[in-house]
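For reference, the structure discussed in these notes is given below.
Keep in mind that the numbers below use all heavy atoms, side chains included, and drop hydrogens, waters and symmetry copies.
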Protein chains: 2
Amino acid sequence: MQPNAYTGACPTRVVLDRIADKWAVLILGLLAEGPMRFNSLRRSIERLSQKVLAQTLRRLERDGLLTRTAFPTVPVTVEYALTPLGRTLAETVDALRLWAEAHITEVQAAQRAYDGRGLVMPDA
Amino acid sequence: MQPNAYTGACPTRVVLDRIADKWAVLILGLLAEGPMRFNSLRRSIERLSQKVLAQTLRRLERDGLLTRTAFPTVPVTVEYALTPLGRTLAETVDALRLWAEAHITEVQAAQRAYDGRGLVMPDA
DNA sequence: CTGGATCCTCAACGATACTG
DNA sequence: CAGTATCGTTGAGGATCCAG
């Protein structure tokens with residue numbers, strides 16, 4: 001039996017819910033370029049609270065997508081890096097971010113057209 | 001100035017938030033294979049309520065990713081179809097679903113390993 | 001520096017009922 | 001068939017403080 005995300009009971013649904021997530025996309029996109037520390041990630045992603053960052057990192061770690069390495073320095077240094085599995089996903093989700101950045105103008109134009117429908121009378 | 005999803009103020013962030021969405025991914029995945037009607041979509045995606053489906057469809061329509069066509073039959077028939085812009089996105093987001101379905105086993109294994117860390121003593 | 005614990009708020013969602 | 005409207009709940013997330 002194949003996994004099927006359209007089936008409600010399939011565990012795939014839970015995974016999809018986690019990776020189809022704005023913050024996960026941005027985090028994986030950063031880590032694709034190399035390991036990073038907690039505060040470095042926090043500063044790189046504006047409006048991402050420390051709580052949600054910690055939450056998201058722990059979930060991604062649990063899913064085997066990244067590793068958390070603590071170095072016994074003072075104060076402690078923690079580094080996050082993609083696993084091989086995470087690397088296969090990073091390319092996929094980064095494509096999502098790139099799509100958004102590439103097509104933002106078209107989307108905004110569509111939004112203006114939608115919001116203005118019926119409010120103007122073209123050539124009538 | 002390039003759009004940058006890591007910048008909090010960038011409109012790209014809003015778009016990313018919308019397309020990095022479980023339901024949007026599943027809807028676009030279905031429409032990639034051809035136009036569909038409302039209740040057909042609803043039945044095809046388990047646990048998706050009619051309210052959230054309507055909401056998501058309207059947002060995707062506003063973003064110029066799909067079209068809504070109502071046929072004056074009795075009762076009314078409404079068909080949803082991808083726009084050319086939506087088609088460029090559908091492939092990208094469908095890759096997300098396919099990744100989830102392809103790697104679910106590895107993710108679940110990682111989850112078990114994570115949840116069981118420290119609870120067993122390997123070969124000690 | 002890297003978080004965990006707490007409190008609080010608001011918005012998303014399910015359920016339900018109704019309409020063209 | 002294809003939705004809109006309303007209500008009630010819940011849980012995600014911001015803010016803040018504290019600790020190893």
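Between A:K51 and B:Q50, it is B:Q50 whose nearest contact on DNA chain D lies nearer the 5' terminus.
Phosphate proximity of C:dT2 to A:R42: absent, as no side-chain N or O sits under 4.0 Å from OP1 or OP2. Taking side-chain N and O atoms only, B:S49 has a distance below 4.0 Å to OP1 or OP2 of C:dG14. At least one side-chain nitrogen or oxygen of A:R68 sits closer than 4.0 Å to the OP1 or OP2 atom of C:dG3. Checking the phosphate oxygens (OP1, OP2) of C:dG3, a side-chain nitrogen or oxygen of A:Y80 falls inside 4.0 Å. A close approach under 4.0 Å does occur between a side-chain nitrogen or oxygen of B:R37 and OP1 or OP2 of D:dA2.
Across the protein-nucleic acid pair, A:D17 atom CG and C:dC13 atom P stand 10 Å apart, rounded to whole Å. Atom CZ in A:F38 sits about 18 Å away from atom P in D:dG20, given to the nearest Å. In this structure, the CG atom of A:L66 is 15 Å from the C1' atom of C:dT2, given to the nearest Å. Atom CG of A:N39 is separated from atom P of C:dG3 by 9 Å (rounded to the nearest Å). Atom CZ of A:R59 is separated from atom C1' of D:dA12 by 9 Å (rounded to the nearest Å). Summarising the geometry, the separation between CZ on A:R43 and C1' on C:dT2 is reported as 12 Å, rounded to the nearest angstrom. Atom C1' of nucleotide D:dG3 and atom CG of B:L53 are separated by 10 Å, given to the nearest angstrom. What separates CD of B:Q55 from P of D:dA2 is a distance of 18 Å, to the nearest Å.
With hydrogens and angles disregarded, a donor-acceptor distance shorter than 3.5 Å links the side chain of A:Y6 to the backbone of B:L26. At least one donor-acceptor pair under 3.5 Å links the side chain of A:S49 to the backbone N or O of A:V52. Side chain of B:R13 to backbone of B:A5: a donor-acceptor contact under 3.5 angstrom is found. Checking side-chain atoms of B:S44 against main-chain N and O of B:S40 turns up a donor-acceptor pair under 3.5 Å. Between the A:T83 side chain and the A:G64 main chain, a donor and an acceptor come within less than 3.5 Å of each other.
Using a 4.0 Å cut-off between charged nitrogen and carboxylate oxygen, A:R97 and A:E101 count as a salt-bridge pair.
Computed from C1' positions of five pairs at each end, the angle between the two local axes of the helix from C:dC1-D:dG20 to C:dG20-D:dC1 equals 60°, rounded to 10 degrees.
Among the protein residues, B:F71 comes within range of no part of the nucleic acid, since none of its heavy atoms lies under 4.0 Å from any strand. Within 4.0 Å of A:V76, counting heavy atoms only, lies at least one base atom of the nucleic acid.
More than 12 heavy atoms of other residues, nucleotides or ligands shown are found within 6.0 angstrom of CD on B:Q55.
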